[in-house]
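This one's a predicted model, so the numbers in the text were calculated from it and none came from an experiment.
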Amino acid sequence: MPEEQVEEVTDEVAEERPALDPETAARRAAALAQVRQFGDPVLKARAVPVERFDDKLRAEVARMAGIMGDAIGVGLAATQLGVMHRVLVYRVGEDGVLAALVNPEVEWTGGDVEEAEEGCLSLPGVHVDVERPVRVRVRAHDEHGERLLIEASGLEARVIQHEIDHLDGVLILDRIPRSARKEAMRELREALDARAA
């Protein structure tokens with residue numbers, strides 16, 4: 001995927017991706033079947049902080065990473081799997097390192113904002129322009145309880161903000177004007193109808 005297209009996505013990949021081989025397509029379909037879809041009330045709920053950094057949490061992070069990878073996403077929040085923990089995973093770029101952020105808190109956002117297209121594994125077929133700060137600083141823990149301070153810009157900052165929104169019960173549809181929301185809802189209905197067919 002050309003570099004300029006990479007910046008147009010969040011937890012769903014660009015529409016222009018090449019056709020998937022049957023095995024990859026089957027893995028993606030199985031992964032997406034585990035992701036909560038628009039209309040599920042869990043997507044509008046606020047997740048609760050994680051208090052125990054144990055093997056169960058590490059297994060949860062590993063499961064999320066596997067589902068995100070199989071779904072060909074770049075980010076996933078625990079709430080998208082129906083788990084009400086403040087946990088997100090992301091990987092920016094095919095060779096990027098997997099990151100898990102537990103109890104993330106945005107400490108600072110830069111003054112510059114940028115509008116870019118975002119998609120979402122919980123909103124199949126929907127791609128909308130969302131304005132977000134270009135740079136963020138986030139405090140969190142990893143799955144082992146180690147403190148993290150992430151300073152991110154560009155796509156990484158966008159992905160982190162998108163996934164933190166999920167943990168707060170906010171969807172990309174909540175960040176766009178009413179007129180754009182109507183068009184996005186039409187795209188969503190068409191995508192859901194195509195899946196059901």
> Is there a side-chain contact between V102 and L88, using heavy atoms and a 4.5 Å cut-off?
Replying inline: no

Between G96 and R91 the two heavy atoms that sit nearest each other are O-NE, 3.1 Å

Point to revise | Charged N-O contact under 4.0 Å between E183 and R186 | key: yes

Practice problem: Would you kindly confirm whether V159 and L148 end up in one hydrophobic cluster when ILVMFWY residues are joined by side chain heavy atoms under 4.5 Å apart? | Solution: yes

Taken to the nearest 0.5 Å, the spacing of L81 CG from M68 CE works out to 11.0 Å

Would you indicate whether the side-chain heavy atoms of E118 and R175 approach each other to under 4.5 Å?
-> no

dist L188:CG -> L123:CG (nearest 0.5 Å) comes out at 6.0 Å

Q. Any side-chain donor-acceptor pair under 3.5 Å between S122 and Q80?
A. yes

Does a side-chain heavy-atom distance below 4.5 Å link E156 with Y90? yes

### Query
Any Lys/Arg nitrogen of E60 or K56 sitting under 4.0 Å from an Asp/Glu carboxylate oxygen of the other?
no

Taking atom CD of E105 as the centre, does the number of heavy atoms from other residues, nucleotides or ligands within less than 6.0 Å exceed 12?
no

Note to self: Is it the case that the side chain of R181 and the backbone of L173 share a donor-acceptor pair, with hydrogens and angles ignored and the cut-off at 3.5 Å?
What the structure shows: yes

Sorted by chain and residue number, the ring-ring contact (aromatic ring centres under 6.0 Å, His included) partners of H85 (sequence neighbours excluded) come out as none

Sidechain N-carboxylate O distance under 4.0 Å for D70, R28
no

Query raised in the report: Can any side-chain N or O of N103 pair as donor or acceptor with the backbone N or O of V50 at less than 3.5 Å?
Result: yes

The reported gap from CG in L57 to CD in E51 (rounded to nearest 0.5 angstrom) is 12.0 Å

Value for CD (E94) from CD1 (I72), rounded to nearest 0.5 Å, stands at 10.0 Å

Counting distance only, does the side-chain N/O of Q37 pair as donor-acceptor with the main-chain N or O of L121 below 3.5 Å? yes

Tightest non-hydrogen contact, residues A191 and P124, listed as CB-O, 3.1 Å

Check your understanding: For P41, does its backbone N or O pair with a side-chain atom of R36 as donor and acceptor, under 3.5 Å?
Key -> no

Next on the checklist: One pair to check against side chain to side chain contact (heavy atoms under 4.5 Å, CB included): R46 and R86. What are the steps and the verdict?
Outcome noted: CA-CA 9 Å; R46 186 174 174 84; R86 292 192 71 78; 4.0 Å; yes

So NE2 of H166 and CG of L76: to nearest 0.5 Å the spacing works out to 8.0 Å

Are I176 and I172 in one and the same hydrophobic cluster, where Ile, Leu, Val, Met, Phe, Trp and Tyr link if side-chain heavy atoms are under 4.5 Å apart? yes

In terms of heavy-atom contacts, A71 and L32 come closest through CB-CD2, 4.0 Å

d(E163 CD, C120 SG) to nearest 0.5 Å is 7.0 Å

**Asked** Are E114 and E131 close enough, and set up right, to give a side chain to side chain contact (heavy atoms under 4.5 Å, CB included), and what steps lead you there?
**Response** CA-CA 5 Å; E114 182 176 71; E131 187 175 273; over 6 Å; no

Hydrophobic clusters here meaning ILVMFWY residues chained together by side-chain heavy-atom distances under 4.5 Å, can you tell me if V134 and W108 are in one? no

Scanning both residues in full, the closest heavy-atom pair of A78 with L167 reads N-CD2, 4.2 Å

Is any side-chain heavy atom of V130 closer than 4.5 Å to one of H162?
no

- [ ] Give a yes or no on whether R137 atom CZ has more than 12 heavy-atom contacts from other residues, nucleotides or ligands under 6.0 Å away.
- [x] yes

Hey, is E115 close enough to R132 for a salt bridge, meaning N to O under 4.0 Å? no

From the list V136, V106, L101, side chain to side chain contact (heavy atoms under 4.5 Å, CB included) partner of I150 resolves to L101

>> Less than 4.5 Å apart, side chain to side chain, heavy atoms only: is that true for V170 and I164?
In response: no

Query - Charged N-O contact under 4.0 Å between K44 and D174 - result: yes

Correct closest heavy-atom pair for A77 and M64 would be C-CE, 3.7 Å

Would you please indicate yes or no on a ring centroid separation below 6.0 angstrom for H141 and F53?
yes

_Using a 3.5 Å distance criterion without hydrogens, assess whether the side chain of D21 forms a donor-acceptor pair with backbone atoms of E23._
yes

query: V128 and M185: same hydrophobic cluster, using ILVMFWY side-chain contacts below 4.5 Å?
result: yes

- Message: Using only atom types and a distance under 3.5 Å, with no angle test, would you say the side chain of Q161 pairs donor to acceptor with the backbone of A157?
- Response: yes

V138 and P104 have their tightest heavy-atom pair at CG1-CB, 3.9 Å

Same cluster or not: are M84 and L171 linked, directly or through other Ile, Leu, Val, Met, Phe, Trp or Tyr residues, by side-chain heavy atoms under 4.5 angstrom apart?
yes

**OP:** Check whether any side-chain N or O of E117 sits under 3.5 Å from a backbone N or O of H127 as a donor-acceptor pair, and report yes or no.
**Re:** no

